Each structure stands twice: as structure tokens, then as C-alpha cells.
Protein chains: 2
Amino acid sequence: MELDKSLISGSIPLLVMKLLEAGDLYGYQMIEELRRRSDDTFHLKAGTLYPLLHGLEEKGFVTAYEGEAAAGKPRRYYHLTERGREALREKEAAWNEYTRAVGQVLRGGACCAGA
Amino acid sequence: MELDKSLISGSIPLLVMKLLEAGDLYGYQMIEELRRRSDDTFHLKAGTLYPLLHGLEEKGFVTAYEGEAAAGKPRRYYHLTERGREALREKEAAWNEYTRAVGQVLRGGACCAGA
DNA sequence: TCCAATATATAGATTCCCGATATAAGGAGG
DNA sequence: CCTCCTTATATCGGGAATCTATATATTGGA
């Protein structure tokens, strides 16, 4: 089943930064990692990822450096900065608050006796 | 804290249809209900809701009818159709699958041991 | 040789939500 | 009486985010 693309909206930076928390990765690797770690649920597109990475770089959340290229084009690795880790913690908190609120609505709303 | 607006993307139709599952509501009421049931987390805007309702109507997920107006403009009530209930079940399933996948990535990915 | 996969990158189109604005009626306060 | 706020619905334009399509470059398999 194809997930509503729009559902993923907004959480992609969170997911990408989370991937980088454990160690530096290059773009293509993030796409594969995300697919693997989500049980094939997320198929992040290259056209989505690279502009996003450039944006994170501008904000100072990640830094980039050229790495060894075993084959093909040189690999561009990304590293999560301290500011990026801070932003990641904030985004995780926002995500948790958001899903809690949605879950509450789906379960029938805040409060007590039914509706 | 202001939630990243983009996080809400895509889940608004789900939330609105969920509100209508329990009974017919008019637009303004949905805004207040959603705010209440989410502990003031979601502040759905009129400029978001009404075009959305028209869209749901076009898809056959809701039907609309004029109701008694205690004051001011006549109230336009919305009713969730059988097709709408079906769509709601699908959207709820998609939401659950999506949050499960995000949670899995945030906890460190699919794979082996506990997770 | 041609195609697929790896690897990065940009531009255009689309979708989605919000802010601003308009309409309309009733009640409160000056 | 008149103005402002609240209720209530509605539309439009802007901005943000993602996808599709495309471009470039190299390696390995059919």
C-alpha cells in the first residue's frame, strides 16, 4: 500500500537527521538506510533528499565533506553538528507531542466519559 | 510550543473525518471540537477546513445539509457517508502504519533483537 | 554495446495549509 | 444608535514541502 505522501510531510528532516545521529552517511546511503530501517515503508527520493541536505547545511545542522569513492562519483558524506543534534532533540519532542495529540483524537478525544 | 505546521500535513482529513464518525457537525464546531479533543494542540483554520470539506464532498465522503441557525448565518452540517467511513478506516490504517515506521526509525531501525 | 545501478544535483509541477479578506447576523458596551 | 466581538461560512494568494523528470558521471553485467 502506498502511504499518503502528504503524511510524510514535515517528518523527513527528522528522519534524515536521526539517521545521521549514529554516524556520518552519504546521500544515497541514507535513502537505502531509511528504506531498510522502516521495513520498506519509506522510499525517499533523491530529488527530495539532496535539496533537503543543502538546506540543513545552510542552517548549520550538518557539515559535508568529500569521501573516498570506491566507484562512480565521489561520495559526499554528511555529519550532524552539535546544533543539528539539538534540533533533532526538538524535532523528536515535537513529533511525540504531535502523534500523542492525533492518537488522542483518534481514541475519542481528551477527557473522560465519551464525547 | 507551536507545532511544525508541516507535521500536521496530510493528517487533517483523517482528523476531520474522525470527528464526523460520532455524529454530524458543522464547520465551526469541528474547529472547536478538534481543539478540545487535542488538548489545544490543533488549531484548525477556517481557511483550511472549508476547502477541505468541499473536497470531501466532491469525493463522496461527506454530504452536507442546511441546519437550524440559532443565530447568525445558517449552519451547514456535514455527514460522513458509508464511503467516507471506509476511507476513514483506510486513513487510520495508513496513519498507524506510518507512525509505526517512523517510531521504528527513531528507535534505531528494523532489525533483529528487541526494537 | 547498451542498460542497470550507483551517486549527486537542479528545475518545474503539484499539493497542502495558512493568512488575509469578505459576507452576514446577533449581542454587549459606550 | 453605532461599533466591536463572536459566531459562521467562504475564497484567494502566498509560501513551504515533496515528487517527477532530467542531467551528469562511472562501473559492471547481459
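Quick note: numbers below take in every heavy atom, side chains included, and nothing from hydrogens, waters or symmetry partners. Model, not experiment: these values are computed from the prediction.
Taking atom CD of residue Glu33(B) and atom C1' of nucleotide dT7(D), one finds them 16 Å apart after rounding to whole Å. The OH atom of Tyr50(A) sits 17 Å away from the C1' atom of dA11(C) (whole-angstrom rounding). Per the geometry, CG belonging to Leu49(A) stands 14 Å off C1' belonging to dA17(D), to the nearest Å. Remark: C1' of dA9(C) and CE of Met30(A) are 14 Å apart, rounded to the nearest angstrom. The distance between atom CD of Glu66(A) and atom C1' of dA25(D), rounded to the nearest whole Å, is 14 Å. For the pair Leu52(B) CG and dC12(D) P, the computed distance is 17 Å after rounding to whole Å. In this structure, NZ of Lys45(B) is placed 18 Å from P of dG15(D), rounded to the nearest angstrom. Remark: P of dT7(D) and CD1 of Ile31(B) are 11 Å apart, rounded to the nearest angstrom.
Taking only side-chain nitrogens and oxygens, His54(A) comes nearer than 4.0 Å to OP1 or OP2 of dT10(C). Between Tyr26(A) and dT8(C) there is no side-chain polar atom (N or O) within less than 4.0 angstrom of OP1 or OP2. For the pair Arg76(B) and dT9(D), the criterion of a side-chain N or O lying under 4.0 Å from OP1 or OP2 is not met. A sub-4.0 Å separation between OP1 or OP2 of dT9(D) and a side-chain N or O of Tyr28(B) is absent.
Outside the 6.0 Å centre-distance limit, the rings of Tyr28(A) and Tyr50(A) are not counted as a close aromatic pair.
Few gaps surround CD on Glu66(A); more than 12 heavy atoms of other groups in view lie less than 6.0 Å from it.
Ranking dC17(C), dT10(C), dT6(C) by closeness to the Pro13(B) side chain, first place goes to dC17(C). Closest to the Thr48(A) side chain, of the nucleotides dC19(D), dT6(C), dT8(C), is dC19(D). Distances from the side chain of Glu32(B) to the nucleotides dT7(D), dT11(D), dC17(C) place dT7(D) closest. Taking only side-chain atoms of Arg75(A), from C-beta outward, the nucleotide of dT11(D), dA8(D), dT6(C) with the closest atom is dT6(C).
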* Check the pair Glu92(A) / Leu14(A) against side chain to side chain contact (heavy atoms under 4.5 Å, CB included), numbers first and verdict last. => CA-CA 7 Å; Glu92(A) 275 196 79; Leu14(A) 165 66; 3.7 Å; yes
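Residue contacts for Gly27(B): at a heavy-atom cut-off of 4.0 Å it reaches the sugar-phosphate backbone alone, with no base atom in range. Note on Tyr77(A): nothing from the nucleic acid sits closer than 4.0 angstrom, heavy atoms only.
Salt-bridge annotation for Arg36(B) and Glu33(B): present, with a side-chain N of the basic residue lying under 4.0 Å from a carboxylate O of the acidic one.
Distance alone, capped at 3.5 Å, places no donor-acceptor pair between the Glu21(B) side chain and the Arg85(B) backbone.
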